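This is a predicted model, so every value here is computed, not measured. We use all heavy atoms of the structure for the numbers below, so side chains are in, but hydrogens, waters and symmetry mates are not.
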Amino acid sequence: MLLRMKSRPDALEAIANRSFDVCVIGGGATGCGCALDAQLRGLKTVLVEASDFASGASGASTKMVHGGVRYLEQAVRRLDRTEYNVVKGALRERLHMLRNAPFLTRTREFVTPCYSWRDVAYYEIGLKFYDWIAGSAGLAPSRFLPRDEALRRIPALNPVGLAGAVAYTDGQFDDARYNIALAETFSEAGGEPLNHARVVGFRKNTGGKISAAEIEDLASGKRFAIRAETFVNATGAFADSLRQMAAPGALPRMRPSRGVHIVLPVAILSSEVSGPAKSEPDALLIPRTEDGRVLFAIPWLGRLLVGTTDEPVDGPEPAAISRDEIEYLLRHLNGYLARRVTPDQIVSAFAGVRPLVSSGKSRGAATKELARDHVVEVDEASGLVSIMGGKWTTYRAMAEDAIDAVERRLVRPHVPSGTANHPLAGSDRFTDGLWQQ
């Protein structure tokens, strides 16, 4: 993907000490989505990011565009309508993501191994329900795979006691490149994006409303101001820091959770000890873990991506990956394979921090039990609009809700969001119907 954004000196000249309708803070998926949505509605918008676009959690996902089969299971077991609505909304957004950037997305079938006929019935019914919720936004119907076909699709499965498998289809995408495509699309629409630009303070008018953000250019160390009518906090797991900068004493809302992934040779799922796999295996859904989660083992750029964990952390920065986290992933992966995978086969590992948000009722809940819903908060004193929570697949809907709130604050006539069917930069060069790596 060739970036067509301005050079840094040109971007600084266009932004420093200028006035805008909207200033979006945070250059991850949600921030770039907010900036694009606002610009397409005719709002003069600037986007600032303290590090680089997609450098945080938005570039450390499981690379899935999905509704969330685990969230559906939780919704049914707990009769949780919020969780159900998250799945339903994400399945609708899944289709928008796939269509708006076909060169960065693809569909992929996931194989769920079953070691009893009871499990076959349970997962077949559950995944048919997943299909039903998707409705017209469905990708392909789930289906039962006999034992022999399951072993052909994933030869490394433990054959002892295997009754068969249930396969279903979800999406896969290049998360970092998708995020950068959002930033580029925003720039092409006339927006002003700037990375390595940290918000270090706010200026307020006599009424206490934020009138400008003080920015430090991390490349030069120089400081300047950006004036705007409205400021959007889309900083993910860092949202509380900005909320408290705007309103000292604001109660924390974020419940950050760390997700760790390990990267293995893709040949592991093909039962090949070394060397490249003869053909790419299907993705594996590990349907049951000791703490009630599901895990995925997904072919990704010639490797096998295995994850993810879900552990609460004290802050928004991912710490070093622990031995316990690696052992957790290998232990559950090995529970479904005929040949044991060992730590020395790990090629690399990475972690990201999910920006989970708590409500008053869920403050004491484990992070794995929190709904992946999002919240738009408008601080009446400062005017800061914060978009918190959510997940990658629902970034566009999150942005739409946030910019709807911005419109209400600006007392502007409502302009419908134009992002649902807006191709991202690079789509015009997509011609062959294949996922371009």
Salt bridge check: are [X] and [Y] linked by an N-O gap of less than 4.0 Å?
{"X": "Glu216", "Y": "Lys222", "value": "no"}
{"X": "Arg258", "Y": "Asp310", "value": "no"}
{"X": "Arg177", "Y": "Glu184", "value": "no"}
{"X": "Glu214", "Y": "Arg198", "value": "no"}

Which atom names give the shortest non-hydrogen contact between [X] and [Y], and what distance separates them?
{"X": "Arg396", "Y": "Ser417", "result": "NH1-OG, 3.8 Å"}
{"X": "Tyr395", "Y": "Met97", "result": "CE2-CG, 3.9 Å"}
{"X": "Lys391", "Y": "Ala90", "result": "NZ-CB, 4.2 Å"}
{"X": "Ala60", "Y": "His261", "result": "O-CE1, 3.6 Å"}
{"X": "Leu182", "Y": "Gly33", "result": "CD1-N, 4.5 Å"}
{"X": "Leu284", "Y": "Pro113", "result": "CD1-CD, 3.5 Å"}

Using the side-chain contact (heavy atoms from CB on, under 4.5 Å) rule, take Asn100 and Tyr178 through it: C-alpha gap first, then chi angles, then the decisive distance, then the call.
CA-CA 10 Å; Asn100 287 342; Tyr178 204 107; 4.1 Å; yes
Looking only at atom types and distance, does a side-chain atom of Lys128 sit under 3.5 Å from a main-chain N or O of Ser142, one as donor and one as acceptor?
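Judged by distance alone, yes, a pair lies under 3.5 Å.
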Would you say Tyr122 and Glu73 are linked by a side-chain donor-acceptor pair, where the criterion is simply a distance under 3.5 Å?
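Result is yes, a qualifying pair exists.
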Check step by step if side-chain hydrogen bond (donor to acceptor under 3.5 Å, both in side chains) holds for Thr393 and Arg94.
CA-CA 6 Å; Thr393 307; Arg94 177 182 68 177; over 6 Å; no
Verify side-chain hydrogen bond (donor to acceptor under 3.5 Å, both in side chains) between Arg339 and Asn334, making sure each step is shown before the conclusion.
CA-CA 7 Å; Arg339 187 188 299 272; Asn334 285 330; over 6 Å; no
Using a 3.5 Å cut-off and no angle test, enumerate the donor-acceptor pairs between side-chain atoms of residues 154-166 and protein atoms at least two apart in sequence or in another chain.
| from | atom 1 | to | atom 2 | distance (Å) |
| --- | --- | --- | --- | --- |
| Asn158 | OD1 | Val160 | N | 3.1 |

Does NZ in Lys88 sit with more than 12 non-hydrogen atoms of other residues, nucleotides or ligands closer than 6.0 Å?
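Counting other residues, nucleotides and ligands, NZ of Lys88 stays at 12 neighbours or fewer.
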Mind checking side chain to side chain donor-acceptor pair (under 3.5 Å) for Ser322 and listing every partner two or more places apart, or none if nothing turns up?
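Partners of Ser322 under the side chain to side chain donor-acceptor pair (under 3.5 Å) test: Glu325.
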Taking only residues two or more places apart in sequence, or in another chain, which ones meet Asp282 in a salt bridge (Lys or Arg N to Asp or Glu O under 4.0 Å)?
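Salt bridge (Lys or Arg N to Asp or Glu O under 4.0 Å) list for Asp282, sorted by chain: Arg153.
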Residue pair Asp175, Lys63: steps toward the salt bridge (charged side-chain N to carboxylate O under 4.0 Å, His left out) verdict
CA-CA 6 Å; Asp175 53 1; Lys63 326 299 181 189; 2.9 Å; yes
What verdict does the side-chain contact (heavy atoms from CB on, under 4.5 Å) test give for Thr309 and Tyr328, after you've listed the backbone C-alpha separation in whole Å, the side-chain angles of each residue and the deciding distance to 0.1 Å?
CA-CA 8 Å; Thr309 59; Tyr328 171 90; 3.8 Å; yes
